[in-house]
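Both backbone and side-chain heavy atoms feed into the values below; hydrogens, waters and symmetry mates do not. Bear in mind that the values here come from a model prediction, so they are computed numbers and not experimental data.
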Amino acid sequence: MTVLLIGCDMTDRQLPSYQKGYEPTQPIPYSHRLHAGELGIECKYCHFGAEKGRHAGIPPVNVCMNCHKTVKTNSPEIQKIKKAYESGESIKWVRIHKLPDFVFFDHSRHVNRGVDCKTCHGPVHEMDVVRQYNTLAMGWCVNCHRDYTRNPPPHMKDKNINAKLDCSSCHY
């Protein structure tokens with residue numbers, strides 16, 4: 001019996017969930033380059049679920065309004081946010097990073113061990129329009145786990161990193 005092994009990070013044959021480069025139009029233009037880059041707003045300020053749970057989450061309107069109650073209040077785009085805030089409606093942001101339903105990924109496990117957001121999401125702080133930077137394919141994740149275990153980043157060398165490689169760590 002012959003077994004053919006194919007790499008799991010084949011960017012030329014992407015499955016629907018491996019949308020490297022996916023860059024949807026959002027209902028309100030939002031520049032991560034401005035907010036996370038120029039203004040230096042920490043990712044976890046808006047995506048506060050990243051430290052506490054499986055999903056980083058899309059920020060609720062009130063997070064935007066923490067600043068925009070007083071900043072750029074006359075902007076037509078900020079007026080849309082204000083309208084949603086006052087009506088209690090959420091903004092229908094288009095999700096960019098989505099893994100298949102059979103994959104379990106917990107942001108808090110990674111964030112609380114010091115994995116930088118850029119590791120998976122790329123240089124979002126340089127993007128006016130956020131796009132999926134990496135494939136997030138199984139082989140890509142496995143290679144990252146191997147690299148972190150063999151050669152952890154300098155700020156993690158003393159933490160005895162043992163990134164899991166068994167199937168049940170990520171698959172239901």
Side-chain angles (χ1 to χ4, degrees), residues 8-141 144 153 155 170-172:
C8 296
D9 194 14
M10 300 184 314
T11 55
D12 61 330
R13 295 185 187 147
Q14 293 182 359
L15 297 173
S17 57
Y18 303 144
Q19 301 181 70
K20 183 176 180 176
Y22 177 56
E23 186 179 287
T25 300
Q26 297 293 349
I28 298 173
Y30 179 87
S31 172
H32 278 78
R33 182 192 49 75
L34 171 64
H35 291 84
E38 292 176 27
L39 298 175
I41 298 172
E42 170 84 25
C43 300
K44 294 176 281 189
Y45 177 76
C46 299
H47 302 283
F48 51 84
E51 290 180 299
K52 300 175 184 82
R54 181 175 174 191
H55 302 287
I58 295 173
V61 177
N62 65 309
V63 172
C64 305
M65 290 303 292
N66 286 340
C67 296
H68 288 295
K69 283 181 184 175
T70 59
V71 176
K72 292 193 79 167
T73 57
N74 293 328
S75 160
E77 302 305 328
I78 302 306
Q79 289 296 313
K80 292 177 189 175
I81 295 170
K82 182 180 179 189
K83 181 181 176 187
Y85 177 74
E86 289 174 347
S87 69
E89 294 178 16
S90 61
I91 296 169
K92 306 285 191 265
W93 300 109
V94 180
R95 186 172 180 178
I96 298 169
H97 301 87
K98 181 168 179 12
L99 296 175
D101 291 340
F102 55 84
V103 176
F104 178 82
F105 177 85
D106 188 327
H107 272 86
S108 66
R109 283 187 191 173
H110 294 80
V111 171
N112 293 323
R113 285 177 176 82
V115 177
D116 192 309
C117 302
K118 288 181 261 186
T119 303
C120 300
H121 296 287
V124 171
H125 65 287
E126 298 173 359
M127 298 180 195
D128 278 312
V129 178
V130 173
R131 68 185 177 286
Q132 185 169 318
Y133 188 76
N134 291 302
T135 66
L136 307 181
M138 186 177 89
W140 183 86
C141 295
C144 188
H155 70 281
C170 303
H171 294 282
Y172 294 109

Quick one: pull up [atom1] in [X] and [atom2] in [Y] and give me the separation to the nearest 0.5 Å.
| X | Y | atom1 | atom2 | value |
| --- | --- | --- | --- | --- |
| I41 | C67 | CD1 | SG | 5.5 Å |
| M65 | E86 | CE | CD | 7.0 Å |
| H32 | E38 | NE2 | CD | 13.5 Å |
| Q79 | I28 | CD | CD1 | 11.0 Å |
| R131 | K20 | CZ | NZ | 9.5 Å |
| R33 | S31 | CZ | OG | 4.5 Å |

Is there a side-chain contact between [X] and [Y], using heavy atoms and a 4.5 Å cut-off?
| X | Y | result |
| --- | --- | --- |
| Q132 | Q19 | yes |
| Q26 | I96 | yes |
| F105 | C141 | no |
| R54 | S108 | no |
| V63 | F48 | yes |
| T73 | K82 | no |
| V94 | Y22 | yes |

For this session: Go through the steps for F104 and R109 under the test side-chain contact (heavy atoms from CB on, under 4.5 Å), then give the verdict.
Result: CA-CA 11 Å; F104 178 82; R109 283 187 191 173; 3.8 Å; yes

Problem set entry | Under-4.0 Å salt bridge between E51 and K44 |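 K44 and E51: salt-bridged.
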
Heavy atoms only: give me the nearest [X]-[Y] pair and the separation to one decimal.
| X | Y | result |
| --- | --- | --- |
| C64 | I81 | CB-CG2, 3.8 Å |
| Y133 | P123 | CE1-CD, 3.4 Å |
| V71 | I78 | O-CG2, 4.3 Å |
| V61 | A84 | CG2-CB, 4.2 Å |
| D116 | K118 | OD1-N, 2.9 Å |

For this session: Take V124 and C43 through the side-chain contact (heavy atoms from CB on, under 4.5 Å) test and state the conclusion after the steps.
Result: CA-CA 9 Å; V124 171; C43 300; over 6 Å; no

Problem set entry | Audit row: H97, H121, ring pair (Phe, Tyr, Trp, His ring centres under 6.0 Å) steps and yes/no | CA-CA 9 Å; H97 301 87; H121 296 287; 4.2 Å; yes

For this session: Kindly determine whether Y85 and I91 satisfy side-chain contact (heavy atoms from CB on, under 4.5 Å), including the steps that lead there.
Result: CA-CA 9 Å; Y85 177 74; I91 296 169; over 6 Å; no

Exercise. Do you see a donor-acceptor pair shorter than 3.5 Å between the side chains of Y30 and D128?
Worked result: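 Result is no, nothing qualifies.
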
For this session: Could you tell me if the ring centre of H171 sits under 6.0 Å from that of F102?
Result: yes

